[in-house]
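These notes are about the structure you will find just below.
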Amino acid sequence: MDCSEKILSDLYADLIVDFMPPADSGVLRGRRDYCYLPVGNFYLVYVNRAQTTPFSLGLYAYGNTPNIYGLMENEFDPSSLIASGITQIQRPPLSLTGRGVVMAFIDTGIDYTLDIFKDANGNTRILSIWDQTDQTGTPPEGYLFGSEYTREQIDEALQNSNPYSIVPSRDELQHGTSMAGVAAGSAIDGGRTYTGAAPESDIVVIKLKQCKPYMRDYYLIPEDVPAYAENDIMLAVKYAESFAVAFERPVVICMGVGTNQGNHAGNSPLARYLDEVATQRSRAVVVAGGNEGNAAHHFRGQLKTGQSDNSNYEDVEIRVGENTRGFFLELWGSVPDVFNIAIRSPGGETISPSRIRSGRSGGTYAFVYEQTKITIDSILVEQSTGEELIVMRFELPTPGIWNIRVIAQGEVYSGIFHIWLPIQQFMTGETYFLEPDPNITLTEPAYAFSVITVSTYNDLNNSFYLESGRGFSRTGEIKPDFAAPGVNISTIYGAMSGSSLAAAITSGAVAQFMQWAVVQGNKILVESVEIKSFFIRGASRDGNLVYPNPEWGYGRLNLVGTFNTMVEI
């Protein structure tokens with residue numbers, strides 16, 4: 001079996017490492033049947049599952065196993081573009097429409113047959129589609145799976161009565177098409193001028209393939225829910241940024257996927273790789289903040305400091321609904337505190353803390369009178385953060401109130417801990433914390449420092465979108481950077497809401513700025529961090545709010561304000 005087959009096969013496990021280990025050390029000890037691909041400072045490894053042991057934090061670093069990401073979704077009306085200062089900048093004297101800029105969308109694909117993705121001559125504006133799900137064509141050079149379709153092939157397909165016989169890539173879920181239309185849609189009929197912020201930009205599309213069945217089963221993700229592996233997303237980012245030509249043709253990468261896995265401080269492999277890309281010249285990355293703010297999927301606790309006896313604990317209650325297949329919990333502690341846990345089922349059966357030792361696998365526990373199985377893994381020093389991590393996997397949980405008692409082990413210094421449930425799409429049944437904390441609910445990789453992270457608001461009344469993820473990070477870094485419209489946004493398929501639309505609008509605004517800065521030569525060395533600072537300076541702010549804050553960041557996206565600040569300087 002060659003490497004391309006191993007990448008696609010469910011018989012091979014996916015791993016992410018930040019070094020290339022020899023076959024006789026670390027995670028590959030004694031395993032000869034594997035291959036790997038380099039991505040930035042990382043290596044994506046595919047190893048025969050028959051030669052691996054089941055996942056355990058005692059055997060693998062947490063970041064070695066890819067996190068799983070889901071979609072951030074939940075007459076033509078240009079109000080959202082007007083509120084963001086985008087429409088005004090499309091007009092003279094600046095006339096910024098994204099010309100010369102490449103916009104890359106990493107999502108569910110694109111309907112390339114739509115007129116909004118064509119130029120005035122009827123030719124496609126799409127430079128390339130890499131469909132990771134399609135194995136019938138030729139992969140991009142240097143990649144081992146999927147099919148790449150070029151602009152020439154797409155134009156040929158558009159002239160054919162059956163375009164999909166030439167370019168078979170489709171967007172069955174319409175999510176990627178909606179994002180691309182809002183960000184980069186061009187003139188359409190009916191007398192409506194634009195559907196997108198950067199209507200003359202070029203477009204690159206990466207259609208993500210679904211994660212492997214073994215991953216979906218392990219993380220208890222429903223079969224009909226889109227779920228994407230972190231390593232595939234990293235490859236998509238690598239492909240997208242390859243279209244940049246420094247100081248000449250900038251690339252704006254727009255991402256509408258997210259996850260509740262990770263420490264919510266920007267330490268995941270994807271977040272670290274995005275930081276690497278975003279700090280390169282002529283690149284910018286825009287990330288959706290997610291829709292988890294009102295999901296009751298985050299709990300923040302704090303034990304008493306300076307106290308070390310067994311009475312120093314906090315009870316965390318979770319309401320589990322009917323027909324819940326299962327879910328994951330991740331508990332992240334703070335250095336140098338050490339925590340232990342005890343679990344009580346709705347029927348009163350318990351898992352005592354004496355059976356769980358921090359820093360190694362606690363095993364799988366079954367109950368006498370209930371069908372539930374709980375697997376507990378823990379590690380005292382997680383590799384990328386140095387923090388304690390306890391992972392709990394609940395399979396077939398009994399409906400009712402579950403209690404997790406978080407107990408101090410030794411002297412307590414800060415006492416702070418956080419627990420996250422999976423994103424809403426990955427849950428079956430209604431499951432939530434009874435006393436949740438709506439903050440620190442931005443989804444990863446939104447906490448990556450160098451990317452542009454947006455929360456979501458309703459531009460019709462300037463109210464914050466209740467579902468929107470919120471900051472700051474778990475370690476106090478300021479995220480989101482600002483808020484953008486994302487409620488009842490006009491798309492080619494009708495009005496839609498969600499943080500992915502806010503990211504799409506923002507990425508279009510970034511493309512306009514990139515045209516002015518790089519293509520027109522006004523600031524050719526610009527990259528994500530600088531653009532973020534320009535946008536923050538120009539953001540609209542209300543006098544009755546304190547900035548930055550966890551909901552709005554530094555204010556509301558206002559591209560006109562960004563250019564006005566440069567005039568004032």
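- Note that CZ of Arg151 and OG1 of Thr124 are 7.0 Å apart. Values are rounded to the nearest 0.5 Å.
- Rounding to the nearest 0.5 Å places CD1 of Ile440 at 14.0 Å from CD of Glu292.
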Query raised in the report: How far apart are the C-alpha atoms of Ser282 and Glu248, what are their side-chain angles, what is the distance that settles it, and do they pass the side-chain contact (heavy atoms from CB on, under 4.5 Å) test?
Result: CA-CA 8 Å; Ser282 301; Glu248 294 181 17; over 6 Å; no

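- A donor-acceptor pair under 3.5 Å links the side-chain atoms of Ser165 to the main chain of Asn162, judged by distance alone.
- Within a 6.0 Å sphere centred on CZ of Arg541, heavy atoms belonging to other residues, nucleotides or ligands number more than 12.
- Looking at Leu158, Ile154, Thr177 one by one, the single match for side chain to side chain contact (heavy atoms under 4.5 Å, CB included) with Phe117 turns out to be Thr177.
- Residues Arg556 and Phe482 fail the side-chain proximity criterion, which asks for heavy atoms closer than 4.5 Å.
- Here Gln135 contributes atom CD and Asp131 contributes atom CG; the two are 8.0 Å apart, rounded to the nearest 0.5 Å.
- Geometrically, Lys209 does not engage Tyr228 in a cation-pi contact, judged by NZ or CZ lying under 6.0 Å from the ring centre and within 45° of the ring axis.
- Aromatic ring centroids of His297 and Trp420 lie 6.0 Å or more apart.
- Remark: Lys532 is positioned above the aromatic ring of Phe449, its terminal NZ or CZ atom under 6.0 angstrom from the ring centre and at most 45 degrees off the axis.
- A donor-acceptor pair is defined here as one N or O able to donate and one able to accept, closer than 3.5 Å; such a pair exists between the side chain of Asp111 and the backbone of Thr113.
- In this structure, Phe105 and Ile206 have side chains that are not in contact, with every pair of non-hydrogen atoms separated by 4.5 Å or more.
- Pairing each heavy atom of Glu148 with each of Pro140, the nearest pair is OE1-CA, 3.6 Å.
- The CG atom of Asn458 lies 4.5 Å from the CG atom of Leu460; values are rounded to the nearest 0.5 Å.
- A side-chain donor-acceptor contact under 3.5 Å links Thr259 to the backbone of Ile68.
- Between the side chain of Gln425 and the main chain of Leu71, a donor-acceptor pair closer than 3.5 Å is present.
- Each of Leu8, Ile7, Leu208 was compared with Gln132 under the side chain to side chain contact (heavy atoms under 4.5 Å, CB included) criterion, and only Leu208 meets it.
- Between the Asp275 side chain and the Ser450 main chain, a donor and an acceptor come within less than 3.5 Å of each other.
- Contact record, Ala504 with Ala183: O-CB, 3.2 Å, taken as the closest heavy-atom pair.
- In this structure, Tyr112 has its ring center under 6.0 Å from that of Tyr164.
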Report task. Step by step, work out the side-chain contact (heavy atoms from CB on, under 4.5 Å) result for Arg99 and Val519. Result -> CA-CA 8 Å; Arg99 181 179 300 174; Val519 178; 5.9 Å; no

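- A heavy-atom distance below 4.5 Å is found between the side chains of Tyr46 and Cys35.
- The distance from the CZ atom of Arg281 to the CD atom of Glu530 is 5.5 Å, given to the nearest 0.5 Å.
- Side-chain atoms of Asn41 and Glu276 form a donor-acceptor pair, as typed in the model, at a separation below 3.5 Å.
- The two residues Tyr447 and Gly471 make their nearest non-hydrogen contact at OH-CA, 4.2 Å.
- Note on Arg125 versus Asp202: no salt bridge recorded, every NZ/NE/NH1/NH2 to OD/OE distance being 4.0 Å or above.
- For the residue pair Arg283/Ser528, the side-chain donor-acceptor check at 3.5 Å is not satisfied.
- Listed for the Ser84 side chain is no donor-acceptor partner under 3.5 Å among the backbone atoms of Leu81.
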Query raised in the report: When you look at Glu172 and Lys207, which way does the salt bridge (Lys or Arg N to Asp or Glu O under 4.0 Å) test go after all the steps?
Result: CA-CA 11 Å; Glu172 296 86 354; Lys207 180 179 179 179; 2.8 Å; yes

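- Side-chain atoms of Glu527 and Gln280, non-hydrogen and from C-beta on, never get closer than 4.5 Å to each other.
- Taken to the nearest 0.5 Å, the CG atom of Asn67 stands 8.5 Å off from the CG atom of Leu270.
- Here the two rings, on Tyr36 and Tyr43, have centers that are under 6.0 Å apart.
- In this structure, the side chain of Gln90 engages the main chain of Ala197 through a donor-acceptor pair within 3.5 Å.
- The minimum heavy-atom distance linking Asn461 with Ser463 is given by the pair OD1-OG, 2.5 Å.
- Checking side-chain atoms of Gln210 against main-chain N and O of Ala227 turns up a donor-acceptor pair under 3.5 Å.
- The minimum heavy-atom distance linking Asp134 with Pro168 is given by the pair OD2-CG, 3.4 Å.
- Annotation: side chain of Thr150 is not in contact with side chain of Ser128 (no heavy-atom distance under 4.5 Å).
- The main-chain N or O of Glu152 is never found under 3.5 Å from a side-chain atom of Asp155 such that the two would form a donor-acceptor pair.
- Ring centroids of Tyr457 and Trp552 are separated by less than 6.0 Å, placing the two rings close together.
- Leu96 places a side-chain heavy atom less than 4.5 Å from the side chain of Gln520.
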Query raised in the report: Yes or no on side-chain contact (heavy atoms from CB on, under 4.5 Å) for Glu387 and Arg474, after CA distance, side-chain angles and deciding distance?
Result: CA-CA 12 Å; Glu387 297 154 345; Arg474 190 178 61 81; 2.2 Å; yes

Query raised in the report: What do the steps show when you test Met255 against Leu274 for side-chain contact (heavy atoms from CB on, under 4.5 Å), and what is the final call?
Result: CA-CA 11 Å; Met255 299 185 63; Leu274 289 175; 3.8 Å; yes

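- Nearest heavy-atom pair across Gly98 and Ala198 is CA-CB, 4.0 Å.
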Requested in this report: Start with the C-alpha distance between Asp18 and Arg272, add both sets of side-chain angles, then the distance that settles salt bridge (Lys or Arg N to Asp or Glu O under 4.0 Å), and finish with yes or no.
Outcome: CA-CA 10 Å; Asp18 55 8; Arg272 290 159 60 192; 3.5 Å; yes

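- In this structure, His418 has its ring center under 6.0 Å from that of His298.
- Remark: side-chain polar atoms of Asp481 are paired, donor with acceptor, to backbone N or O of Thr453 under 3.5 angstrom.
- Considering only heavy atoms from C-beta on, Lys479 stays 4.5 Å or farther from Phe472 through its side chain.
- Below 30°, between 30° and 60°, or above 60°: for Tyr239 and Trp130 the angle between ring planes is between 30° and 60°, a tilted geometry.
- Outside the 6.0 Å centre-distance limit, the rings of Phe534 and Trp516 are not counted as a close aromatic pair.
- Between Glu230 and Tyr69 the shortest side-chain heavy-atom distance falls below 4.5 Å.
- There is a side-chain donor-acceptor pair under 3.5 Å between His175 and Ser500.
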